[in-house]
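To start, the structure under review is shown below, and the notes come after it.
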Amino acid sequence: MKKILIRNANIVNEGKIISGDVFIKDGLIFSVGPDLPEYEADITVDASGKYLLPGLIDDQVHFREPGLTHKADIYSESRAAVAGGITSYMEMPNTQPQTVTLELLEEKYKLAAEKSLANYSFYMGATNDNLDELLKVDPKNVCGIKVFQGSSTGNMLVDNPVTLENIFRECKLLIATHSENDNIIKDNLEKYKAEYGEDIPVSCHPKIRSAEACYDASKRVVDLARKYGTKLHVLHISTAREVALFDDSLPLESKRITAEACIHHLWFSDADYDQKGNFIKWNPAVKTAEDREEILAGVLRGNIDVIATDHAPHTREEKSQVYGKAPSGGPLVQHSLVALLEMYHQGKISLEAIVQKTSHNVAILFEIEKRGYIRPGYHADLVLVDLDDPWTVASDNILYKCGWSPFEGETFRSRVTHTIVSGHLVYENGVFYEEATGKRLKFLRK
């Protein structure tokens with residue numbers, strides 16, 4: 001493995017920014033600091049004027065493999081991820097077949113070992129009848145268990161209240177939830193179908209998948225987690241009301257109940273449906289500007305612990321159907337970091353907070369072994385960014401297999417220039433070096 005020396009970077013790490021160098025050897029960070037010795041390196045990167053961050057760890061992606069590879073696959077989406085500064089990801093079980101047995105889970109790990117350019121882990125999916133299989137999962141090798149309370153792509157709904165309670169009582173591994181009340185959603189949908197048929201205006205989406213549906217389901221799992229002491233992580237918070245369900249006074253290391261915000265809920269609002277249509281149709285829905293601002297406030301206060309993408313591609317043709325047929329979800333991994341850096345330019349969030357919420361806190365929350373920080377002895381997962389190199393998202397620079405982005409036409413002031421995954425320089429100024437794959441994430445759990 002090549003030795004890499006990064007010189008003269010502005011290093012954003014552990015709540016501060018320092019000017020210095022990083023030397024990488026045998027895939028690990030060997031030394032960090034100002035004016036490092038003249039190490040003998042195979043690759044030297046002059047980072048003058050640029051900012052070096054720990055690689056992002058995305059705790060929620062859908063890469064669609066196996067079974068849905070016309071939309072995306074592990075290779076194509078991990079390639080887009082590293083171009084966007086994401087060096088590790090945790091992928092969801094609603095593929096075909098659904099990842100609901102240990103055998104199917106390990107098949108995904110084999111696929112990733114062969115073709116993923118980023119580091120990886122995969123969630124085990126919960127169903128109404130696979131509790132025995134969930135209890136066999138090794139917590140040191142798997143990021144968590146995914147529970148869908150609301151129907152979404154793949155329809156892995158856990159709608160038996162006894163099953164849900166049993167999962168929370170019995171499972172010691174982290175449980176990540178998609179929290180929407182399916183009954184409320186169904187009632188709302190029938191009302192709008194009666195008025196519009198299948199061609200419901202997409203602006204009705206946040207009224208169908210309503211704030212009430214989100215809050216009701218999130219409160220239910222928070223209550224269950226408190227009852228049983230379960231380690232719970234509630235994904236993609238989309239309403240102001242939900243934010244208050246989560247503690248902002250405890251240090252993250254002491255929390256048993258945590259929450260995630262996603263890029264689209266921090267960027268878009270219901271005012272964007274008229275222009276973007278189904279291309280910003282997500283579950284849970286993008287809601288009001290007031291919801292968006294309170295989610296960001298929760299991120300900054302500490303109610304919400306991490307920022308992720310919920311990257312979930314569909315083809316342009318699928319998204320162009322009428323509302324009732326168009327699937328929810330959109331691609332985000334290539335553009336999540338530059339969107340956050342745009343929010344930094346707008347004065348909404350600091351560089352230190354971006355790193356905390358996308359790297360440090362994900363490593364703490366999931367107890368990931370030796371990742372998420374720029375520290376000697378840690379795996380060298382790093383991203384170098386230029387904060388002053390504007391570019392516009394367009395069809396010819398979108399790397400997702402689906403070929404589109406909800407940010408198409410957006411000009412970002414910042415650019416990812418280099419990405420290093422487990423000590424391998426995989427991306428440099430638009431060029432990929434694909435001779436090495438990422439590594440399986442390991443977890444420091446009992």
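Numbers for residues simply follow the sequence, beginning at 1.
By the 30° and 60° cut-offs, the orientation of the rings of Tyr400 relative to His311 is tilted. In this structure, Tyr323 and His205 have perpendicular ring planes: the angle between them is above 60°, well past the 30° mark.
Here the side chains of Pro406 and His335 are not in contact, with every heavy-atom distance at 4.5 Å or above. Contact check for Val421 versus Leu117: no side-chain heavy atoms found under the 4.5 Å cut-off. For the pair Tyr344 and Ile354, the minimum side-chain heavy-atom distance is below 4.5 Å. The closest side-chain heavy-atom distance from Val383 to Leu52 is not below 4.5 Å. Side-chain contact between His418 and Tyr427 is absent, with no heavy atoms from C-beta onward closer than 4.5 Å. Contact of the Leu425 side chain with the Lys2 side chain is not registered, since no non-hydrogen atoms from C-beta on lie closer than 4.5 Å. Residues Ser336 and Ile86 are in side-chain contact: their nearest non-hydrogen atoms beyond the backbone lie under 4.5 Å apart.
Closest approach of Ile368 and Met90 over heavy atoms only: CD1-CE, 3.7 Å. The two atoms that bring Val234 and Ser179 nearest to each other are CG1-OG, 3.9 Å, heavy atoms only. The shortest heavy-atom contact between Thr411 and Pro390 is CG2-CB, 4.4 Å.
Residues passing the side-chain contact (heavy atoms from CB on, under 4.5 Å) test with Lys401, sequence neighbours excluded: Thr69, Asp73, Ser76, Glu77. Under the side-chain contact (heavy atoms from CB on, under 4.5 Å) criterion, Asn13 pairs with Ile11, Pro54, His360, Tyr373, Ile374, sequence neighbours left out. Asp59 is linked by a salt bridge (charged side-chain N to carboxylate O under 4.0 Å, His left out) to nothing, counting only residues two or more places apart in sequence or in another chain. Every ring pair (Phe, Tyr, Trp, His ring centres under 6.0 Å) that Phe279 has, sequence neighbours left out, goes to Trp404. For Arg415, the side-chain hydrogen bond (donor to acceptor under 3.5 Å, both in side chains) partners two or more places apart in sequence, or in a different chain, are Asp389. Scanning for ring pair (Phe, Tyr, Trp, His ring centres under 6.0 Å) contacts around His379 gives an empty result, with sequence neighbours left out.
Side-chain contact of Ser405 with Glu408: a donor-acceptor pair under 3.5 Å is absent, judged by distance alone. With 3.5 Å as the limit, one finds a donor-acceptor pair spanning the side chains of Thr99 and Lys108. Checking Thr315 against Glu318 by side-chain atom types alone, a donor-acceptor pair falls below 3.5 Å. When only modelled atom types and interatomic distance are considered, His62 and Asn94 share a side-chain donor-acceptor pair under 3.5 Å.
A donor-acceptor pair is defined here as one N or O able to donate and one able to accept, closer than 3.5 Å; no such pair exists between the side chain of Arg64 and the backbone of Thr95.
Judged by a 6.0 Å distance limit and a 45° cone about the ring axis, Lys25 is positioned over the six-membered ring of Phe30. For the pair Arg371 and Tyr378, the NZ or CZ position fails the cation-pi test of under 6.0 Å to the six-membered ring centre and within 45 degrees of the ring normal. A cation-pi arrangement is absent between Lys276 and Phe268, since the terminal nitrogen or guanidinium carbon is not both under 6.0 Å from the aromatic centre and inside a 45° cone about the axis.
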- Begin from the C-alpha positions of Ser422 and Asn119 and carry the test side chain to side chain donor-acceptor pair (under 3.5 Å) through to its verdict. CA-CA 8 Å; Ser422 294; Asn119 307 312; 2.8 Å; yes

- Query: Should Phe366 and Phe443 be marked as a ring-ring contact (aromatic ring centres under 6.0 Å, His included) after you check the CA-CA gap, both sets of side-chain angles, and the distance that decides it?
  - Reply: CA-CA 7 Å; Phe366 285 86; Phe443 304 91; 7.0 Å; no

- I would like to know whether Asn141 and Lys442 meet side-chain contact (heavy atoms from CB on, under 4.5 Å); could you show each step before the answer? CA-CA 5 Å; Asn141 289 324; Lys442 299 292 184 181; 3.0 Å; yes

- Item | Chi angles and distances behind the side-chain contact (heavy atoms from CB on, under 4.5 Å) call for Tyr51, Ser414 | CA-CA 10 Å; Tyr51 287 76; Ser414 304; over 6 Å; no

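For Tyr89 and Phe63, the ring centers are positioned less than 6.0 Å apart. A ring-centre distance under 6.0 Å is not found for His424 and Tyr433. You'll find the ring centres of His178 and His236 inside the 6.0 Å limit. Taking the six-membered ring for Trp, Phe412 and Phe407 have ring centres closer than 6.0 Å.
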